[in-house]
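By convention here, the first residue in the shown sequence is residue 1. Please read all numbers here as calculations on a predicted model, not as lab measurements. Note that ligands are numbered from 1 as they come in the structure, with each ligand's atoms numbered from 1 the same way.
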Amino acid sequence: MPNPTPGQIARVAESEIPSGDPLALFAQWLAEAGESEPNDPNAMALATANSNGSPSVRMVLLKDHGPDGFTFYTNGDSRKGEEIRANMQAALLFHWKSLRRQIRIEGKVYEVEPELADAYFASRSRDSQLGALASDQSRPLASRGELLARVAKVAARHVVGSVLRPPHWTGFRLEPQRMEFWMDRPFRIHDRRQFDRTEDGWTNTLLYP
Ligand SMILES: Cc1cc2nc3c(=O)[nH]c(=O)nc-3n(C[C@H](O)[C@H](O)[C@H](O)COP(=O)(O)O)c2cc1C
């Protein structure tokens with residue numbers, strides 16, 4: 001079928017982004033990305049800011065999502081951990097190239113319950129657990145050799161028995177206050193719908209692309 005012309009696009013009046021529950025729509029788009037992305041469909045950019053409002057952004061992996069929010073795990077003493085403690089407002093961004101879709105999520109970030117962090121840490125591979133113990137994430141490192149020596153030292157101290165979660169390794173959950181779904185449409189007449197959380201649900205509005 002030939003591509004539609006701008007005039008034909010203008011006559012497609014309905015948004016293709018449903019106005020129902022944004023959390024259900026998120027779950028659907030993530031599942032669809034799981035079918036089409038070459039790797040890490042759960043990878044998301046996490047934007048934080050320090051107490052002066054200076055922003056920083058990096059990728060993390062989404063490990064859980066639901067009505068309570070979006071959870072990722074990291075070193076709580078890292079730059080992102082320090083920024084979250086200084087300023088709990090943060091934003092997430094998913095971009096799935098294979099689907100030409102984007103989701104933006106904004107809200108406040110809270111540390112997860114210790115039992116939850118324990119359970120997730122226990123589910124990781126032993127090598128990942130040892131790496132988490134050995135790494136002072138975001139601190140200056142003199143050489144790769146220094147890091148490998150620390151991993152070897154930690155491994156020697158944990159030859160038998162389970163590896164316990166170090167206190168600095170933790171999870172954070174972003175509670176969504178705003179979510180925006182974007183999908184590519186021909187001629188840059190893209191489709192955007194923004195959802196805002198209210199006392200008893202969500203309101204939504206379309207946005208100019
Ligand atoms: C695809 C991808 C996924 C990542 N997932 C995580 C993650 O789940 N947790 C984490 O601490 N770092 C993850 N990283 C590394 C971070 O991007 C970052 O380098 C690290 O967390 C330090 O960030 P900070 O100095 O801003 O705290 C990931 C990197 C990539 C490219």
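Residue Ser78 has at least one N or O atom closer than 3.5 Å to an N or O atom of ligand 1. Between Gly81 and ligand 1, not a single N/O pair is under 3.5 Å apart.
Selection from Met59, Glu83, Lys80 by nearest heavy atom to atom 31 (C) of ligand 1 gives Met59. When the heavy atoms of Asp77, Leu61, Asp40 are ranked by distance to atom 8 (O) of ligand 1, first place goes to Leu61.
Residue contact annotation: Tyr73 has a non-hydrogen atom under 4.0 Å from ligand 1.
Taking CD of Glu175 as the reference point, atom NZ of Lys108 lies at 9.0 Å (rounded to 0.5 Å). Taking CZ of Arg58 as the start and CD of Glu83 as the end, the distance is 5.5 Å to the nearest 0.5 Å.
Contact annotation for Lys63 and ligand 1: no heavy atom of the residue comes within less than 4.0 Å of the ligand.
Between Leu23 and Pro67, the shortest heavy-atom contact is CD1-CA, 3.8 Å.
In this structure a side-chain-to-backbone donor-acceptor pair under 3.5 Å is missing from Gln194 to Arg178. Side-chain N or O atoms of Arg100 include none that pairs as donor or acceptor with a backbone N or O of Met183 at under 3.5 Å.
Taking the six-membered ring wherever Trp is involved, the centroid distance between the rings of Phe26 and Phe181 does not fall below 6.0 Å.
The protein heavy-atom contact nearest to atom 12 (N) of ligand 1 is Gln137 NE2, 3.9 Å. Protein heavy atom nearest atom 25 (O) of ligand 1, with residue, atom name and distance: Ser138 OG, 2.6 Å. With hydrogens left out, the protein atom closest to atom 6 (C) of ligand 1 is Val60 CA, 3.5 Å, a heavy atom. At the shortest separation from atom 26 (O) of ligand 1 among protein heavy atoms lies Arg58 NE, 2.7 Å.
Put simply, atom 21 (O) of ligand 1 has protein non-hydrogen atoms near it, under 4.0 Å away.
In this model, no donor atom of one side chain and acceptor atom of the other lie less than 3.5 Å apart for Arg150 and Ser135. When only modelled atom types and interatomic distance are considered, Ser15 and Asp191 share a side-chain donor-acceptor pair under 3.5 Å.
Within ligand 1, the atoms closer than 4.0 Å to a non-hydrogen atom of Thr74 are 10 (C), 11 (O), numbered from 1 in the order shown.
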